[in-house]
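See below for the structure under consideration.
All values derive from a computational prediction rather than experimental measurement. Letters A, B, ... are given to chains in the order of the sequence lines, protein chains preceding strands, and every chain is numbered from 1.
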Amino acid sequence: MYDRIKGFRDFYPGEMAARREAIDGLERVARRYGFREIGTPALERAAMWTEKSGDDIVEELYAFEDQGGRHVTLTPELTPTVARMVVAKQQALSKPIKWFSTRPFWRYEQVQQGRQREFYQTNLDIFGSSEPEADAEVLAWAADALTELGLTGEHFEFRISHRDILGGLLESYDERVDTAAAIRAVDKSDKLEQAEYHGLLADAGLTAGDAAEFADLVAGGDLEEVVEVADSETVTASVENLQAVLAAAEDFGAREYCTISLETARGLDYYTGVVFECFDSTGEVSRSIFGGGRYDDLIERFGGQPTPAVGVAPGHATLSLLLQRAGVWPEEAITTDYYVLQVGDTRPVAARIARDLRAHGNVVETDVAGRSFGAQLNYADSINAETTVIVGEQDLENDEVTLKDMESGEQVQVPVEGFPGEATRPTVDGLE
RNA sequence: UCCGGGUUGGGGUAGUGGUUAUCCUUCAGCCUUGUGGAGGCUGAGACGCGGGUUCGAUUCUCGCACCCGGACCCA
C-alpha cells in the first residue's frame, strides 16, 4: 500500500458526485453571464512568481527543473497565467474579456481546515473594463452562483471595500505612512486586541492619536465621515467608485448581499480598487470563504498594455464547508436509473434493452460479473438503482420482461417487444 | 516553522508487557441460477513506521510519518 501524499485528496464517487454538482452550479451560472471557459497548464515558468512577487509564495511553490533544464512550477494560482494569456493575444481579443475556469492549484503549505496542498478554485475574471458595472457583474455572478447552490442571504455576505479608501485615508494623516503594513494591520484587526492593533498602526507610522481615530473611522464604516476627515481627492474618488459599484450591484440583484466593511482589505497587494470577501453570515466559518477585487495594474506588470481587470476565485474547500453548514451540500451518493438483471442466458435481450435505455440518456448497468439473481439484486440495491428490469428465461418464454421498482418492490410485466420502445424513462408507476 | 489532540481490519471500536486481539459494521460467497434492503452459515480483513528497554512490545519509551484542530501565512 502506498500512502496518499499529504495535502492531496482522493474523491470517491459519492463525494465526487456532490462536488460535481457544486462545480456545475458555479459554471452554469458563469455561462449564463457569457463567461467563456478557458483551459490552462498545470506547469508554468517558475520565474512568473520568483521574479514578479518574490514573496512568501515562492517558498510554497512545487518548483523543480524539468528534464529540458527549464525551471518550472506547479501553478499556485491562476492570475499570472490568465495575465500571460491576455498579454499574448491582447490585440486579437475583443473586450471585455470574460473568462472562467475550474481547476486545481498547488501550494506547499500547512494543511488546515479548508486548506489542502492541492485545492480547486473556480476563477472568474473580466479584463478590459474599469467601469463599476464590471465589478458589479463579478459580484452578481458570485451571488447568483451561491444562491444557485441553495444558499440565501442568511448564509453569506459580501464585505466590500475599496483599497484606496484606506490608502488615501492613511496618506491624509501622513504621507510617509507605510500603507501596506497599515492595511495588513487593518485586515487582521478583528483578531487583535485593541492595543496591539493600535500598536501595529503606530509601527506603520501613525501617531497614537491618529491611530485611534483611524481605527474608529474604519470600524465605523461611515463613508461620508471618511471623506470629510480625509479631505483627499483619492478618498473622495474611491468612495464614489465604491458607491457606483454598489449602485450597479443593486440593479444586478447583488446589492442585498453586500455590506460595506472598510476593515476588509485583503492580504493581496496587487488589488487596486474595490475588494470584497465572502463570509459565512452565521460566523461558524471564521475565515473568509473567498475573496476578489479589482487589479488594474497586473496586466501591465506582465508586459501588456494597461488593462483594467476584476475577478473572484471561490475555493471549493471552503465553499463546501459553507454549503455543508447551511445544509445544502448535495447528497453524497451515486444514482442509477436502471439495473438490467439477467437470469440464465438472456444476454442478447438484456443487452439490447440496456442499450436502448442508454440511448434515451439513462444511467444503466447490467451484470458484468456473472452473478446470481440474489447477488444481482443486492448489487442493484447498492448502486441505488431506481428500477430493475428483470430479463429472465421465464419472462422471455412469455415474451415479457419484469420491471421492479426498487423502493416499493412493486413489479409489473411488460411485453419485451415494445420495451422500452419510445418511452424515455419507463417506470413501474407509469406502466401500471 | 510552531502549539494542542490523535493513529488497533475498508469504516467505527474494546483490550492487553505473554496462547488464536474484542465487538459492531462492511465486503465476497453460500443457504436460494427467479426476488434486494430480514435471518443463518462460511470466508476476507488491523495493532502507522523505525529505534530503544525487555526473555518477550500492539501495550513502556524516543524519533519520524500521517490525520484532526489552531498559530503564522493566505500572493
From [atom1] of [X] over to [atom2] of [N], roughly how many Å is that when rounded to an integer?
X      : N     : atom1 : atom2 : result
A:D367 : B:U33 : CG    : C1'   : 11 Å
A:E77  : B:C73 : CD    : P     : 18 Å
A:D395 : B:U33 : CG    : C1'   : 14 Å
A:E332 : B:G11 : CD    : P     : 16 Å
A:Q110 : B:C67 : CD    : P     : 10 Å
A:R117 : B:C73 : CZ    : C1'   : 13 Å
A:W49  : B:C73 : CH2   : C1'   : 18 Å
A:R115 : B:C73 : CZ    : P     : 10 Å

Nearest-Å distance once atom [atom1] is located in both [N] and [M]:
N     : M     : atom1 : answer
B:G56 : B:C3  : C1'   : 37 Å
B:A21 : B:G15 : C1'   : 8 Å
B:U61 : B:C23 : C1'   : 30 Å
B:C72 : B:G4  : C1'   : 16 Å
B:A57 : B:C49 : C1'   : 15 Å
B:G52 : B:U13 : P     : 33 Å
B:C66 : B:G29 : P     : 37 Å
B:G12 : B:G50 : P     : 23 Å

Between [X] and [Y], does any side-chain donor sit less than 3.5 Å from a side-chain acceptor?
X      : Y      : answer
A:T307 : A:Q90  : yes
A:E27  : A:T102 : yes
A:E137 : A:Y33  : no

Contact class for [X] vs. all strands (heavy atom < 4.0 Å): base, sugar-phosphate, or nothing?
X      : result
A:Q113 : sugar-phosphate
A:G7   : sugar-phosphate
A:R371 : sugar-phosphate

Can you pull out every salt bridge (charged side-chain N to carboxylate O under 4.0 Å, His left out) where at least one residue sits in residues 378-398 of chain A? Sequence neighbours excluded, please.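 Those involving residues 378-398 of chain A are A:E386-A:R425.
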On RNA chain B, nearest-nucleotide positions of A:S372 versus A:L396: which is more 5'?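 The answer here is A:S372.
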Below 3.5 Å, does any donor atom in the side chain of A:Q376 face an acceptor in the base of B:U35, or the other way round?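 No such pair is found, so the answer is no.
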Taking atom types as they are modelled, would you say the side chain of A:R4 forms a donor-acceptor pair with the base of B:C66 within the 3.5 Å cutoff?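 Between B:C66 and A:R4, which were checked side chain against base, a qualifying N/O pair under 3.5 Å is absent.
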Could you tell me whether the side chain of [Y] reaches within less than 4.5 Å of the side chain of [X], counting heavy atoms only?
X      : Y      : result
A:D144 : A:L146 : no
A:S261 : A:I160 : no
A:W141 : A:T122 : yes
A:Y257 : A:T147 : yes

If you only use heavy atoms from C-beta on, which nucleotide in [options] is closest to the side chain of [X]?
X      : options             : value
A:F373 : B:U35, B:G69, B:U1  : B:U35
A:K6   : B:G34, B:A71, B:C67 : B:C67
A:I390 : B:C73, B:C72, B:U35 : B:U35

What I want to find out is whether A:E109 reaches A:R117 closely enough, with some N-O distance under 4.0 Å, to be called a salt bridge.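 A salt bridge is absent here (no side-chain N lies under 4.0 Å from a carboxylate O).
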Pairs counted as Watson-Crick or G-U wobble with both distances under 3.5 Å: what dot-bracket string results for RNA chain B, using | for bases tied to another strand? (((((((..(((.....[....)))((((((.......))))))...(((((..]....))))))))))))....
Can you give one letter per nucleotide of nucleotides 36-43 of chain B, going 5' to 3': B for a protein heavy atom under 4.0 Å from the base, S for sugar-phosphate only, - for none? BB------
Is the CD atom of A:E65 crowded by more than 12 outside heavy atoms at less than 6.0 Å?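 Buried by this count: over 12 neighbours within 6.0 Å.
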Main-chain N/O of A:A369 paired to A:D367 side chain as donor or acceptor, under 3.5 Å: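 Between the backbone of A:A369 and the side chain of A:D367 there is a qualifying donor-acceptor contact (under 3.5 Å).
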